[in-house]
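Whatever order the structure lists them in is the order used to number ligands and atoms, beginning at 1.
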Amino acid sequence: MSAEQDGREIPRHIAVIMDGNGRWAKKKGAMRIFGHRSGVQAVREITEGCVELRVDYLTLYAFSTENWSRPQKEVDGLMSLLINTINTELPTLMKNKVRLTAIGDLQGLATGVHKKLLVAIDKTSTNKGLNLVLALNYSGKWDLTQACKTICVETIKGTIKPEAIDEELMSDYLSTKSIPDPELLIRTSGEMRISNFLLWQLAYTEFFFTEVLWPDFRKKHLNLAIDFFNGRERRFGKTSEQLDF
Ligand code: FPP
């Protein structure tokens, strides 16, 4: 169930496609990595905003499986930025009782990055506040494929019967197992696509698109997204009339 605050329904899970760092930097005549570094302030703002609004889950699309095809210098810069940010923000995460987790093909990250990430995940594991989920080396197609593979192996072993495969079982084999589906997706920079994010999990999510470039995203924009969410009629396939009962 979503919580209410100031008469507004607060989504339980917000997912974000943080887009526009490169364009933000270009507008300033700076290198792309400067845009990514400036995006960290927006990460702080949205995390703090979600803590204040008592959102349960915030999932940030930080690095997709397709992002490896960017120039090596940018990939290296992004990886260092991720690790440095996790290290420097750890005390604040602890203070705010934020529990850090990650989804994606984490084995595919460089060993150093993977290890540091696991340390931070472990340190925050007993925190009871906001669950901050970093999607790293993640894509929706990867997630569905890895779930499918595991289910096939279990089926061959006989631990899963084919007739037991249903939507609930599929959800249990995705990397988001035990995380409720997002109720609200925010994408910045004016682009309107899913970009291989949570393909299964976004089935009934409300989408909020804004022209704001990610490094400029602040709490006031988060609040606009929540206002938009409150204006939506969530029908889940039913008619408006059915919802009145
Ligand atoms: C997309 O903008 C952004 C990314 C691929 C990376 C997002 C990463 C950060 C904000 C760094 C810090 C994150 C955390 C969680 C510590 P883009 O480069 O595609 O922008 P463009 O479309 O304007 O080129």
Side-chain angles (χ1 to χ4, degrees), residues 14-51 55 57-94 96 98-106 108-110 112-114 116-121 123-124 130-140 142 185-198 209-219 221-222:
I14 300 178
V16 186
I17 302 181
M18 310 178 284
D19 198 8
N21 295 349
R23 275 163 284 165
W24 187 90
K26 198 172 174 187
K27 277 199 341 194
K28 296 200 160 6
M31 308 273 284
R32 292 179 59 81
I33 194 66
F34 180 62
H36 296 311
R37 283 194 203 119
S38 306
V40 173
Q41 184 53 34
V43 171
R44 278 192 203 107
E45 284 258 341
I46 196 168
T47 307
E48 207 178 282
C50 285
V51 168
V55 170
Y57 294 87
L58 170 66
T59 300
L60 302 177
Y61 203 8
F63 195 86
S64 76
T65 53
E66 287 86 12
N67 285 152
W68 294 111
S69 49
R70 292 190 173 203
Q72 192 58 43
K73 208 171 141 200
E74 183 172 345
V75 171
D76 293 344
L78 268 170
M79 288 298 149
S80 315
L81 182 62
L82 277 165
I83 288 312
N84 291 340
T85 306
I86 290 169
N87 279 342
T88 52
E89 298 301 316
L90 197 55
T92 316
L93 296 182
M94 294 304 290
N96 289 302
V98 175
R99 182 170 163 257
L100 183 72
T101 55
I103 54 169
D105 187 0
L106 305 182
L109 297 170
V113 177
H114 189 198
K116 286 200 170 159
L117 177 69
L118 292 184
V119 169
I121 289 176
K123 280 206 171 135
T124 62
L130 172 74
N131 290 281
L132 176 60
V133 185
L134 295 185
L136 282 171
N137 196 17
Y138 180 87
S139 80
W142 165 82
L185 171 84
I186 299 173
R187 182 170 188 151
T188 55
S189 89
E191 303 294 347
M192 295 185 188
R193 19 168 213 274
I194 302 185
S195 297
N196 210 353
F197 197 21
L198 303 159
F209 298 108
T210 169
E211 294 289 329
V212 173
L213 301 175
W214 179 252
D216 291 329
F217 195 88
R218 294 292 176 268
K219 281 182 202 170
H221 303 114
L222 172 65

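For the salt bridge (charged side-chain N to carboxylate O under 4.0 Å, His left out) condition, the pairs that include at least one residue of residues 64-73, sequence neighbours left out, are R70-E74. Residue pairs meeting the salt bridge (charged side-chain N to carboxylate O under 4.0 Å, His left out) criterion with at least one member in residues 77-94, sequence neighbours excluded, are R44-E89.
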- Item | Criterion side chain to side chain donor-acceptor pair (under 3.5 Å) on W68 and N137, from CA distance to verdict | CA-CA 8 Å; W68 294 111; N137 196 17; 2.8 Å; yes
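Note that OH of Y61 and CZ of R187 are 9.0 Å apart. Values are rounded to the nearest 0.5 Å. Rounding to the nearest 0.5 angstrom, the gap separating the CG atom in L134 from the CD1 atom in I103 is 9.0 Å.
Looking only at heavy atoms of the protein, atom 5 (C) of ligand 1 is closest to N67 OD1, 3.7 Å. Among protein heavy atoms, the minimum distance from atom 14 (C) of ligand 1 is reached at L82 CD2, 3.7 Å. In terms of protein heavy atoms, atom 3 (C) of ligand 1 is closest to M18 O, 3.1 Å.
Cation-pi geometry between K27 and W24 is not satisfied (NZ or CZ under 6.0 Å from the ring centre, within 45° of the ring normal).
At a heavy-atom distance under 4.0 Å, no atom of L213 approaches ligand 1. If you look at K26 next to ligand 1, there are no close heavy atoms at all, none under 4.0 Å. Of all the heavy atoms of I86, none lies under 4.0 Å from any atom of ligand 1, so neither backbone nor side chain is involved.
Taking 4.5 Å as the limit, every side-chain heavy atom of W214 sits out of range of all side-chain heavy atoms of D19. In this structure, the side chains of T47 and L130 come closer than 4.5 Å at one or more pairs of heavy atoms.
Among the atoms of R32, some N or O lies under 3.5 angstrom from an N or O of ligand 1. At a 3.5 angstrom cut-off on N or O pairs, G22 counts as close to ligand 1.
The residue from R70, E74, E66, K27 that puts a heavy atom closest to atom 18 (O) of ligand 1 is R70. Taking all heavy atoms of D19, L134, V40, L78 into account, the minimum distance to atom 12 (C) of ligand 1 is reached by V40. Of the listed residues (N21, L132, L81), the one carrying the non-hydrogen atom nearest atom 11 (C) of ligand 1 is L81.
Taking a cut-off of under 4.0 Å to the non-hydrogen atoms of T85, the atoms of ligand 1 that pass are 16 (C). Distances below 4.0 Å separate heavy atoms of A62 from the following atoms of ligand 1: 6 (C), 7 (C).
The two atoms that bring M192 and F209 nearest to each other are CA-CE2, 3.6 Å, heavy atoms only.
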